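No experiment lies behind these values; they were computed from the predicted model shown. Residue numbers begin at 1 in each chain, while the letters A, B, ... track the order of the sequences.
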Amino acid sequence: MTTPAGDFIRDLVRRDNERQTFGGRVQTRFPPEPNGYLHIGHAKAITVDFGIAEEFGGVCNLRLDDTNPDTEESEFVDSIVADIEWLGFRTPAVLHASDYFDQLYEWAEYLIGRGLAYVDDQDSETISAQRGGYGRPGVESPFRDRGAEENLDLFRRMRAGEFADGSRVLRARIDMQHDNMQLRDPIMYRIRRGHHFRTGDKWCIYPTYDWAHGQSDAIEGVTHSLCTLEFEGNRPLYDWYLGQLPLPGDRPRQTEFARLELTHTVTSKRRLAKLVADGTVDGWDDPRMPTLRGLRHRGYPAKAIRAFCTDVGTTRTNSRQSIEALESFVRRELNATAQRRMAVLHPVRLVVTNWPVDAVGDPVVEYFEIANNPENAEDGVRSVAFSGELFIEAEDFAADPPPKFFRLAPGREVRLRGAYYLTCTDFDTDADGNLVEVRATYDPETRGGQGPRKVKATLHWVSAAHAIDIEVALYDRLFSAAAPGERTGEALDDLNPNSREVLTGCKAEPALTDALAGEVVQFERLGYFARDSSSPRLFHRTVGLRDEWAAIQRRQG
RNA sequence: UGGGGUAUGGGGUAAUUGGCAGCCCGACGGAUUCUGGCUCCGUUAGUCUAGGUUCGAGUCCUAGUACCCCAGCCA
């Protein structure tokens, strides 16, 4: 087990409880915008938001931040809920910022009445120019000082739909010279006639993120509003708005932590959407995508993702976690849970020349009981057919074995897993020198793989007469495109559709299909493979970084 | 350019708040093994820089440096 990473948020909440800051209450929320699918970065936020609530006996609600009708769709709401549940968290309620549009509107009028908000008739470019720049002063809008009655009248007419999109906005009246650009009279409402997926055409003015977020937290009774570092500059505004309003309860407090980034992939919604749109990947759930659906499809257990996020913890340092670290959690989990089956990716025929035949002259078929998972006896055993013609992995045989090659070679004895010891006698190649058949003799005294002699290797095998055909897709390019440690988010750009290599002619034991319920199986010695949803016969490598054969090559070299 | 943040081995992350720099990932070496897997043991290597305070500094002070965020009617 790993040492839990530092978690300043946990410490913060604990201190709050000791001091009764919120009366000992803890409530968080996970507030995604429903404009895309959740990815690995969200998994960390979810783990933090739900995890903190769970740990302190509080509540965490899912709240869809749906204040922008142009980009949001209900399709995404459904996927977000499903993905959170897949990760293993329960959402007591699915809330929406749009539930609070009426209250938000009322509070806007309240601010206008107190001279703290005004309607600005200028267009977007003008307002932007007047905001000034870093170290440059802002310019006050000519409409900044109009009276409350006029503001109220204009604002109501904005809501009534009297003005064109973009022609007017409601702004908070704060300070056009503030060092923090967020406080230079930020926009509260904009006119936008897009159709909202929940409120339909009821509204033509929509609150901005800043005007909606803190108030939504307050309405829901959130105590700890946890978000990522880039909202740090928004916190003074968050506090300013809440400070002006007659809130129903305690003021929530925003705390920021670093977002999760991974090497060799990107988590920008824009760029992920581009990959889907231009056909580089087959969709949001393509196993090469860092979306939760993609990872699930790839065979990453939710438990492993959660453990990884917990281990990463919360800090305020921007960093990029290595994909290897994530996958070490995936391997740890899979090693404990995945069913083991034998399969060969590059089959080569192996004939046992001294294998007996029955009365009719057919080769005898013998059955061996082999553990489904040697680490977990509860997973039981399965019966595997063995006969005189087998398939073994081509790489498990060497006509001229290099140093440190311990597997099959002429004159050498190895164990067939769970079956017999076997000694290679000779082999055949075709005209081009390609291996076509290996011949060997077995030792009947080593039944079940038990023998008096030590052998250096144990091979996996498949009975030729019983084998089923499978296909295996290799998606490794996604993660191997960039060199380890290279600080890049460009890996996906290097990927093209051709990087998906499908190996056909692979063979597996028939019991492979029994293991499909578990989604991920370990092909003995070949690593972890997940079933592809497109076909029960198509598998892809789950833990992509660990190309076992490459590792073997390295050890040999 | 103004403001706000962050700096600890190759990648991450701790250090009882001034007291032996620990852990995870990786790499390397070894042991074990009916998966060249798993497991176990070991090795490697670090406090951004320069000063200062102190018996003692990752921690405090001063001055630098690097990186991240902010000038959407996105969130």
**Q.** Complementary nucleotide of B/U65, counting Watson-Crick and G-U pairs under 3.5 Å
**A.** B/A7
Q) Closest heavy-atom contact between A/Glu413 and A/Val455? A) O-CG1, 3.7 Å
Q.
Within the structure provided, determine whether A/Leu416 and A/Phe386 are in side-chain contact (heavy-atom separation under 4.5 Å).
A. yes
Q. If you measure from the C1' atom in B/U47 to the same atom in B/C23, how many Å do you get, rounded?
A. 16 Å
Q. When the distance from CZ of A/Arg320 to P of B/G10 is rounded to whole Å, what number comes out?
A. 19 Å
Q | Closest non-hydrogen atom pair between A/Pro31 and A/Asp65, with its separation | A | O-CB, 3.8 Å
Q: Using a 4.0 Å heavy-atom cut-off across all strands, classify A/Gln122 as base, sugar-phosphate, or nothing.
A: base
(Q) Check the orientation of A/His196 and A/Tyr206. Use parallel for under 30°, tilted for 30 to 60°, and perpendicular for over 60°. (A) parallel
Q | OP1 or OP2 of B/U6 under 4.0 Å from side-chain N/O of A/Arg316 | A | yes
Q.
With a cut-off of less than 4.0 Å, is there a side-chain N or O of A/Arg235 near OP1 or OP2 of B/G5?
A. no
Q) Counting only Watson-Crick or G-U wobble pairs whose two distances fall under 3.5 Å, which nucleotide matches B/G2? A) B/C70
Q) For A/Thr458 and A/Arg415, what are the C-alpha separation, side-chain angles and deciding distance, and is it a side chain to side chain donor-acceptor pair (under 3.5 Å)? A) CA-CA 5 Å; A/Thr458 299; A/Arg415 170 167 41 228; 3.2 Å; yes
Q. How is A/Phe406 classified with respect to the nucleic acid when contacts are heavy atoms under 4.0 Å: base, sugar-phosphate, or nothing?
A. base
**Q.** From B/G12, B/C25, B/C68, nucleotide with atom closest to A/Ser319 side chain
**A.** B/G12
Q. Which of these nucleotides, B/C73, B/G5, B/C74, is closest to any side-chain atom of A/Glu232?
A. B/G5
Q: Could you check whether A/Gly233 gets within reach of a base, just the sugar-phosphate, or nothing at all, counting any heavy atom under 4.0 Å?
A: nothing
Q: Could you tell me whether the side-chain ring of A/Tyr134 sits stacked on the base of B/G2, using a centroid cut-off under 5.5 Å and a plane angle under 30°?
A: yes
Q) Rounding to a whole Å, what distance do you find between A/Glu327:CD and B/G11:P? A) 20 Å
(Q) Just the rounded figure in Å: distance from P of B/G4 to CG of A/Asn180. (A) 9 Å
Q) Using a cut-off of less than 4.0 Å, is there contact between a side-chain N or O of A/Ser128 and OP1 or OP2 of B/G72? A) yes
Q: Check whether any side-chain nitrogen or oxygen of A/Thr315 sits under 4.0 Å from OP1 or OP2 of B/U13, and answer yes or no.
A: yes
Q | First of A/Ala419 and A/Thr71 reached from the 5' end of RNA chain B, by closest nucleotide | A | A/Ala419
Q: Might you work through the salt bridge (charged side-chain N to carboxylate O under 4.0 Å, His left out) test for A/Arg407 and A/Glu395, ending with a clear yes or no?
A: CA-CA 9 Å; A/Arg407 286 161 282 159; A/Glu395 288 83 351; over 6 Å; no
Q.
Need the pair for B/G19. Rule: Watson-Crick or G-U wobble, both distances under 3.5 Å, any strand; none if unpaired.
A. B/C55
**Q.** Same-atom distance (C1') from B/C25 to B/G46, integer angstrom
**A.** 16 Å
(Q) Strictly under 4.0 angstrom, non-hydrogen atoms only: write out the protein contact profile of nucleotides 42-47 of chain B, one letter per nucleotide from the 5' end, B, S or -. (A) ------
Q. Among B/U6, B/A75, B/G36, which nucleotide sits nearest the side chain of A/Thr317?
A. B/U6
Q.
Taking 4.0 Å as the cut-off, does a side-chain nitrogen or oxygen of A/Arg332 come that near to OP1 or OP2 on B/C25?
A. yes
Q | Sugar-phosphate only, base, or nothing, as touched by A/Asn234 at under 4.0 Å among non-hydrogen atoms | A | base
Q: Please tell me which of the listed nucleotides, B/C73, B/G37, B/G2, lies nearest to the side chain of A/Asn335?
A: B/G37
Q.
To check you understand the geometry: which heavy-atom pair defines the closest contact between A/Arg29 and A/Cys227, and what is its length?
A. NH2-N, 4.1 Å
Q. When the P atoms of B/G64 and B/U1 are considered, how many whole Å apart are they?
A. 14 Å
Q.
What's the gap between B/G5 and B/U44 when it is taken at their P atoms, as a whole Å value?
A. 40 Å
Q: Determine: side-chain N/O of A/Arg331 to OP1/OP2 of B/U39, distance under 4.0 Å, yes or no.
A: no
Q.
Taking the C1' atom in each of B/C38 and B/C48, what is the distance between them to the nearest angstrom?
A. 40 Å
Q | Watson-Crick or G-U wobble partner of B/A27, both distances under 3.5 Å | A | B/U43
Q: Using the P atoms only, state how far B/C70 lies from B/G56, rounded to an integer number of Å.
A: 44 Å
Q) B/G37 base to A/Glu375 side chain: any donor-acceptor pair below 3.5 Å? A) yes
(Q) Mind checking if A/Arg415 touches a base, just sugar-phosphate, or nothing, with heavy atoms under 4.0 Å? (A) base
Q. What's the CD-C1' distance between A/Gln254 and B/G5, to the nearest Å?
A. 13 Å
Q. Relative to the ring of A/His213, is the ring of A/Tyr238 parallel (under 30°), tilted (30 to 60°) or perpendicular (over 60°)?
A. tilted
Q: Could you tell me how the ring of A/Phe529 sits relative to the ring of A/Phe523: parallel (under 30°), tilted (30 to 60°) or perpendicular (over 60°)?
A: parallel
Q) Which one, B/G36, B/C73, B/G12, comes nearest to the side chain of A/Gln321? A) B/G12
Q. So which one's nearest nucleotide on RNA chain B is more toward 5', A/Gln522 or A/Asp123?
A. A/Gln522
Q) With rounding to whole Å, what would you report as the distance between B/G51 and B/C68 at their P atoms? A) 28 Å
Q.
Let's see if you can work this out: which of B/C69, B/G36, B/C68 has an atom nearest to the side-chain heavy atoms of A/Asn318?
A. B/C68
Q: From the options B/A75, B/C24, B/G36, select the nucleotide whose nearest atom is closest to the side chain of A/Tyr209.
A: B/A75
Q.
ring pair (Phe, Tyr, Trp, His ring centres under 6.0 Å) for A/Phe155 and A/Tyr105? Distances and angles first, verdict last.
A. CA-CA 10 Å; A/Phe155 185 48; A/Tyr105 178 84; 4.9 Å; yes
(Q) Work out how far the C1' atom of B/C67 is from that of B/G29, and round it to whole angstrom. (A) 36 Å
(Q) What contact category does A/Ser124 fall into here, base, sugar-phosphate, or nothing, at under 4.0 angstrom with non-hydrogen atoms? (A) base
Q: For the pair A/Arg198 and A/Glu72, find out whether any cationic side-chain nitrogen is under 4.0 Å from an anionic carboxylate oxygen.
A: no
Q. Would you say a side-chain N or O of A/Arg63 is under 4.0 Å from OP1 or OP2 of B/A75?
A. no
**Q.** Whole-Å distance separating the CG atom of A/Asp311 from the P atom of B/A14
**A.** 11 Å
Q: With syn defined as a glycosidic angle within 90° of 0 and anti as everything else, classify B/G72.
A: syn
Q) Taking atom OH of A/Tyr442 and atom CG of A/Leu422, what is their separation to the nearest 0.5 Å? A) 11.0 Å
Q | Gap between atoms CZ and C1', on A/Arg270 and B/G72 respectively (whole Å) | A | 15 Å
(Q) Any base atoms under 4.0 Å from A/Phe523, or only sugar-phosphate, or nothing? Heavy atoms, all strands. (A) nothing
(Q) Need one value for A/Glu256: base, sugar-phosphate or nothing, where a base atom within 4.0 Å counts as base even if backbone is also close, heavy atoms only. (A) nothing
Q: For A/Gln182, report the nucleic acid contact type (base, sugar-phosphate, nothing); a contact means any heavy atom under 4.0 Å.
A: sugar-phosphate
Q.
Which is it for B/U17, anti or syn, if anything within 90° of zero counts as syn?
A. syn
